[in-house]
Q: 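Sharing a structure here in structure tokens format.
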Amino acid sequence: MTERDVLELDCVIVGAGPAGLAAALRFKQLAGDEFQIAVLEKAAAPGNHSLSGAVVDPRALDELLPGWRKLDPPIEADVGAERFYALSERRAYRLPLPPPMHNKGNFICSLNRLVQWLAGVAEKEGIEVFPEFPARDLVYEDGRVTGVRLTDGGVSKTGERKPSYQPGAEVKAKVTILTDGVRGNVTKQLLRLEPSALEGRNAADYETGIKELWRVRPGSFPAGKVIHTFGWPLPPSVYGGSWIYGMREDRISLGLVMGLDYEDPTFDLHREFQRFKTHPLIRGILEGGECLRYGAKAIPGGGLYAMPRLFGDGWLLAGDAAGAVNMARLKGVHLALKTGMLAGEAAFRALKAGDASRAALASYGEAFEASWAFEELRRTRNFRTAFKKFSRPRAFAEVVIQTALGGRGIFYDRLCHKEQVHEGLGAARRPPEPPPFDGKLTFDKLTDVYHSGTSHEEDQPSHLVVRDTSICVTRCAAEHGNPCRFFCPASVYEFDGALKINASNCVHCKTCDIKDPYGIIDWVTPEGGGGPNYTDL
């Protein structure tokens with residue numbers, strides 16, 4: 001039996017996104033060279049798998065890196081003009097900007113570029129950031145987390161070891177900070193091992209955001225301009241809305257966010273995004289332009305009451321892995337940075353005291369509850385619940401009242417709902433005809449996968465693990481009509497009497513892991529470096 005290499009550290013961080021890099025930087029600021037720390041990243045380079053709108057609130061960066069604007073950050077523009085519209089199929093009705101959507105003082109950027117920049121800052125501080133180090137499994141011994149195990153390399157599709165076989169190393173640490181993103185595979189294992197971390201919490205809510213980067217006609221959409229919309233093409237039963245953000249060089253960030261707690265098993269997220277672009281308001285912006293990039297990513301939208309306990313014996317959670325997203329503001333980068341900073345501080349205190357127990361790491365939870373990040377999430381704590389309980393018009397009225405009451409609902413506060421987003425899917429039905437794709441304004445899924453820069457080693461086990469494929473051809477086909485064909489925004493799943501998984505198309509959005517009606521799809525890490533290449537997204 002081939003032995004695994006073992007790397008011993010004081011602190012290991014899983015995921016080189018905003019939360020992981022902020023945790024590492026804050027830890028290093030406090031610890032200097034006293035303790036060994038490293039950041040593991042599954043992508044070929046930090047930022048390659050990072051996707052967001054993104055309008056960023058700079059508050060956390062101001063705390064983490066005072067004077068950061070002098071370090072040549074990749075800012076596209078400071079937010080200028082803002083617009084908010086309700087869309088019908090043919091019209092756009094301008095409405096007053098809701099208070100949570102005000103973005104004065106924020107900036108527009110590519111999250112891909114921002115993460116690259118943060119990683120460069122971290123490396124200049126002497127922090128080891130290891131790309132192509134995909135954490136596959138949690139190392140859990142005697143009731144505590146002691147590190148992670150990396151994905152094996154050089155394994156064929158059939159599970160045979162190729163000449164290039166390399167067993168994944170074990171990275172052992174006194175403190176493990178999990179920042180592996182929305183529905184992170186290691187965080188998911190942790191919450192299965194420690195279900196008490198979810199006691200008293202609402203079931204997690206998720207959305208998926210689909211995004212394209214466009215170059216538009218010169219001067220047609222200025223850098224810094226921000227538009228948000230709601231309504232068409234989403235039916236009243238589907239939560240969601242869109243964004244358009246102006247960037248430099250006549251580029252725009254364009255996206256549509258859709259709640260995953262819908263009932264229609266034929267609802268196709270990618271199809272709805274393509275329809276969205278045919279609206280006269282959006283078409284008028286895009287016509288004569290060129291689509292440059294594409295991506296998709298799930299979002300943890302449940303808010304404060306859906307966040308798990310953030311600490312335990314040997315472990316901490318931060319960023320999207322902790323559910324730290326404010327859906328009322330459609331923002332999470334600043335919260336990822338802040339929770340990462342607080343996790344880094346807690347890890348340093350624990351190591352300094354020689355105690356990484358749950359009791360010692362509870363200081364992280366206390367610091368979070370005393371922070372502005374907690375207060376921001378507290379003020380919008382029932383936002384997503386309003387859209388689960390009520391129709392769209394009443395939900396908006398409820399949100400107005402929540403804003404006046406500091407986040408409290410009229411008849412509820414901390415309403416614990418346990419229904420998972422995959423549990424309310426309806427019966428199989430005839431899918432609608434797909435819209436025509438013209439290849440200029442609208443695209444089929446495979447064309448957009450090309451736009452995502454996705455690439456995987458073909459001869460490796462599928463990183464989309466279906467635990468019981470017989471369910472696909474029996475129960476799922478009869479009961480729901482194999483909805484994976486529709487909810488996947490990358491044409492990964494095909495069904496023609498048997499399930500075919502095109503894992504090489506996967507853009508790592510995690511939608512299938514969340515929305516599969518039987519909970520039998522597990523997204524796990526492929527070989528290091530595989531996945532999308534979200535340049536400028």
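Values below: all heavy atoms of this structure, side chains included; hydrogens, waters and symmetry mates excluded.
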Q: Any non-hydrogen side-chain atom of Thr447 less than 4.5 Å from a side-chain atom of Phe437?
A: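 With C-beta onward as the side chain, the pair stays apart.
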Q: Is the shortest distance from a Lys or Arg side-chain nitrogen in Arg149 or Glu170 to a carboxylate oxygen in the other one below 4.0 Å?
A: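 Yes, charged N to carboxylate O under 4.0 Å.
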Q: Can you tell me how far apart CG (Leu317) and CG (Leu190) are? Round to the nearest 0.5 Å.
A: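 Going from the CG atom of Leu317 to the CG atom of Leu190 covers 6.0 Å.
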Q: Would you mind reporting whether Leu316 and Val175 have side-chain heavy atoms less than 4.5 Å apart?
A: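 SC-SC contact between Val175 and Leu316 confirmed.
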Q: Given 3.5 Å as the limit, does a donor-acceptor pair link the side chain of Asn185 with the main chain of Ala135, or not?
A: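 Yes; judged by distance alone, with no hydrogens or angles, the pair exists.
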Q: Would you call Arg215 and Asp250 a salt bridge, taking side-chain N to carboxylate O under 4.0 Å as the test?
A: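 Salt bridge flag = no for Asp250 with Arg215.
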Q: Would His270 and Tyr294 count as a ring-ring contact (aromatic ring centres under 6.0 Å, His included) here? Give the steps.
A: CA-CA 11 Å; His270 180 271; Tyr294 168 83; 5.8 Å; yes
Q: Aromatic rings Phe107 and Trp68: how do their planes relate, parallel, tilted or perpendicular, breaks at 30° and 60°?
A: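 Answer is tilted, since the angle falls between 30° and 60°.
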Q: Quick check: closest heavy atoms across Leu361 and Ala346, and the distance to 0.1 Å?
A: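 For Leu361 versus Ala346, the nearest heavy atoms are CD2-O, 3.9 Å.
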Q: Check for a donor-acceptor pair, side chain of Asn482 on one end and backbone N or O of Cys484 on the other, with a separation under 3.5 Å.
A: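 Here the side-chain-to-backbone pair does not exist.
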Q: Test salt bridge (Lys or Arg N to Asp or Glu O under 4.0 Å) on Lys28 and Asp33; report intermediate values, then the result.
A: CA-CA 7 Å; Lys28 190 70 172 180; Asp33 296 327; 2.9 Å; yes
Q: With a 4.5 Å heavy-atom cut-off, do Asp261 and Glu207 have their side chains touching?
A: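 A side-chain contact is absent here, since even the closest heavy-atom pair is not under 4.5 Å.
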Q: Classify the angle between the aromatic ring planes of Trp523 and His463 as parallel (below 30°), tilted (30 to 60°) or perpendicular (above 60°).
A: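 Trp523 and His463: perpendicular rings.
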Q: When you look at Val325 and Arg384, which way does the side chain to side chain contact (heavy atoms under 4.5 Å, CB included) test go after all the steps?
A: CA-CA 11 Å; Val325 171; Arg384 191 65 174 86; over 6 Å; no
Q: Tyr534 and His508: side-chain donor and acceptor closer than 3.5 Å?
A: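 Looking only at side-chain atoms, His508 and Tyr534 do not form any donor-acceptor pair under 3.5 Å.
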Q: Please examine the side chains of Leu61 and Arg59, heavy atoms only from C-beta on, and report whether any two atoms are closer than 4.5 Å.
A: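 No, side chains not in contact.
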Q: Do you know which two heavy atoms are closest between Gln460 and Glu457, and how far apart they sit?
A: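 Between these two residues, the closest heavy atoms are NE2-O, 2.9 Å.
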Q: Check the pair Thr146, Tyr140 against side chain to side chain contact (heavy atoms under 4.5 Å, CB included), reporting the backbone distance first and the verdict last.
A: CA-CA 6 Å; Thr146 59; Tyr140 194 79; over 6 Å; no
Q: Above 12 or not: heavy atoms from other molecules or residues under 6.0 Å from CG of Asp468?
A: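 Atom CG in Asp468 is packed in, count exceeds 12.
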Q: What I'd like to find out is whether the side chain of Arg293 reaches to under 4.5 Å of the side chain of Ser452, using heavy atoms alone.
A: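 Heavy-atom side-chain distance check fails, nothing below 4.5 Å.
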Q: Are a donor atom and an acceptor atom from the side chains of Asp448 and Gln274 found within less than 3.5 Å of each other?
A: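 Their side chains do contain a donor-acceptor pair, which is all the 3.5 Å distance test asks for.
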Q: Between Tyr262 and Phe267, is the gap from one ring center to the other below 6.0 Å?
A: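 Tyr262 vs Phe267: aromatic centres under 6.0 Å.
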Q: So, applying side-chain contact (heavy atoms from CB on, under 4.5 Å) with Leu111, which one of Leu51, Leu537, Val333 is it?
A: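 The residue from Leu51, Leu537, Val333 that satisfies side-chain contact (heavy atoms from CB on, under 4.5 Å) with Leu111 turns out to be Val333.
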Q: Between atom CG of Leu21 and atom CG of Leu337, what is the distance when rounded to the nearest 0.5 Å?
A: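 Separation between the atoms: 9.0 Å.
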Q: For Ser110 and Asp536, which I'm curious about, is there any donor-acceptor pair between the side chains at under 3.5 Å?
A: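 No, no side-chain donor-acceptor pair sits under 3.5 Å.
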Q: Using a strict cut-off of less than 4.0 Å between a Lys/Arg side-chain nitrogen and an Asp/Glu carboxylate oxygen, indicate whether Lys188 and Asp180 qualify as a salt bridge.
A: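 No salt bridge links Lys188 with Asp180.
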Q: Would you say that more than 12 heavy atoms from the other residues, nucleotides or ligands in this model lie under 6.0 Å from the CG of Asp496, or not?
A: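 Open: at most 12 neighbouring heavy atoms sit under 6.0 Å from CG of Asp496.
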Q: Would you sort out whether Arg192 and Gln189 count as a side chain to side chain donor-acceptor pair (under 3.5 Å), showing the intermediate values?
A: CA-CA 5 Å; Arg192 285 173 173 168; Gln189 291 176 37; over 6 Å; no
Q: Using 0.5 Å steps for rounding, measure from the CD1 atom of Ile210 to the CD atom of Glu272.
A: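 So the CD1 of Ile210 and the CD of Glu272 are separated by 9.5 Å.
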Q: How long is the straight-line distance from CG of Leu310 back to CD1 of Ile177, given to the nearest 0.5 Å?
A: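 Reported value, rounded in 0.5 Å steps: 12.0 Å.
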Q: So does Lys162 have more than 12 non-hydrogen atoms from other groups sitting under 6.0 Å from NZ?
A: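 Check passes, neighbour count above 12.
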Q: Any chance the side chains of Glu527 and His456 put a donor and an acceptor closer than 3.5 Å?
A: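 Side-chain D/A pair, Glu527 to His456: absent.
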Q: Apply salt bridge (Lys or Arg N to Asp or Glu O under 4.0 Å) to residues Lys297 and Asp320 and explain how you reach the verdict.
A: CA-CA 11 Å; Lys297 175 182 177 291; Asp320 279 7; 2.7 Å; yes
Q: So which atom in Leu118 and which in Pro18 form the shortest heavy-atom distance, rounded to 0.1 Å?
A: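 So the minimum-distance heavy-atom pair works out to CD1-CA, 4.4 Å.
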Q: For Arg113 and Glu76, run salt bridge (Lys or Arg N to Asp or Glu O under 4.0 Å): C-alpha distance rounded to whole Å, both residues' side-chain angles, the deciding distance at 0.1 Å, then the answer.
A: CA-CA 10 Å; Arg113 296 295 187 196; Glu76 293 289 335; over 6 Å; no
Q: How about Leu254 and Phe273: do any of their side-chain heavy atoms sit closer than 4.5 Å?
A: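 The answer is yes, as the side chains (C-beta and beyond) meet within the 4.5 Å cut-off.
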Q: Quick one: list whatever passes ring pair (Phe, Tyr, Trp, His ring centres under 6.0 Å) with Trp214, sequence neighbours left out.
A: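 Partners of Trp214 under the ring pair (Phe, Tyr, Trp, His ring centres under 6.0 Å) test: none.
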Q: Distance from Ile514 atom CD1 to Tyr206 atom OH, nearest 0.5 Å?
A: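 Ile514 atom CD1 to Tyr206 atom OH measures 5.5 Å (nearest 0.5 Å).
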Q: Can you name the nearest heavy-atom pair linking Pro46 to Val129, along with the distance?
A: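 What the structure gives for the nearest pair is CG-CG1, 3.9 Å.
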Q: Identify the two heavy atoms, one from Ala324 and one from Thr339, that lie closest to each other, and give their separation to 0.1 Å.
A: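 Result for this residue pair: CB-CG2, 4.1 Å.
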Q: Under 3.5 Å, is there a donor-acceptor pair linking the side chains of Asn505 and Lys445?
A: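 Result is no, nothing qualifies.
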Q: Any side-chain heavy atom of Lys277 sitting closer than 4.5 Å to one from Glu212?
A: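 Lys277 reaches Glu212 side chain to side chain.
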Q: Pair Asn103, Lys331 - check side chain to side chain donor-acceptor pair (under 3.5 Å), show working.
A: CA-CA 11 Å; Asn103 284 292; Lys331 286 180 178 55; 2.5 Å; yes
Q: Can a salt bridge be assigned to the pair Asp513 and Arg183 using a cut-off of 4.0 Å between side-chain N and carboxylate O?
A: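 Counted as a salt bridge, because a side-chain N and a carboxylate O are separated by less than 4.0 Å.
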Q: For the atom pair OG1 (Thr469) and CD1 (Ile521), what is the distance rounded to the nearest 0.5 Å?
A: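 Thr469 atom OG1 to Ile521 atom CD1 measures 11.0 Å (nearest 0.5 Å).
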Q: Is Trp117 reaching over with its side chain to a backbone N or O of Leu71, donor-acceptor style, under 3.5 angstrom?
A: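 Here the side-chain-to-backbone pair exists.
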Q: Got a donor-acceptor contact below 3.5 angstrom from the Lys515 side chain to the Leu260 backbone?
A: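 Yes; at least one donor-acceptor contact below 3.5 Å.
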Q: Quick one: list whatever passes salt bridge (charged side-chain N to carboxylate O under 4.0 Å, His left out) with Arg271, sequence neighbours left out.
A: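 Result, salt bridge (charged side-chain N to carboxylate O under 4.0 Å, His left out) vs Arg271: none returned.
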Q: Is there a donor-acceptor contact under 3.5 Å linking the side chains of Glu345 and Tyr364?
A: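 Tyr364 and Glu345 do not have a side-chain donor-acceptor pair below 3.5 Å.
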Q: Verify salt bridge (Lys or Arg N to Asp or Glu O under 4.0 Å) between Glu494 and Arg485, making sure each step is shown before the conclusion.
A: CA-CA 6 Å; Glu494 296 181 28; Arg485 297 177 295 156; over 6 Å; no
Q: Which atoms form the tightest heavy-atom contact between Pro483 and Cys476, and what is the distance?
A: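 For Pro483 versus Cys476, the nearest heavy atoms are CD-SG, 3.6 Å.
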Q: Can you confirm whether Ser253 sits close enough to Trp243 that some side-chain heavy atom of one is under 4.5 Å from a side-chain heavy atom of the other?
A: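 Heavy-atom side-chain distance check passes, below 4.5 Å.
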Q: Check Glu132 with Lys42, please: is the shortest side-chain N to carboxylate O separation under 4.0 Å?
A: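 Salt bridge flag = no for Glu132 with Lys42.
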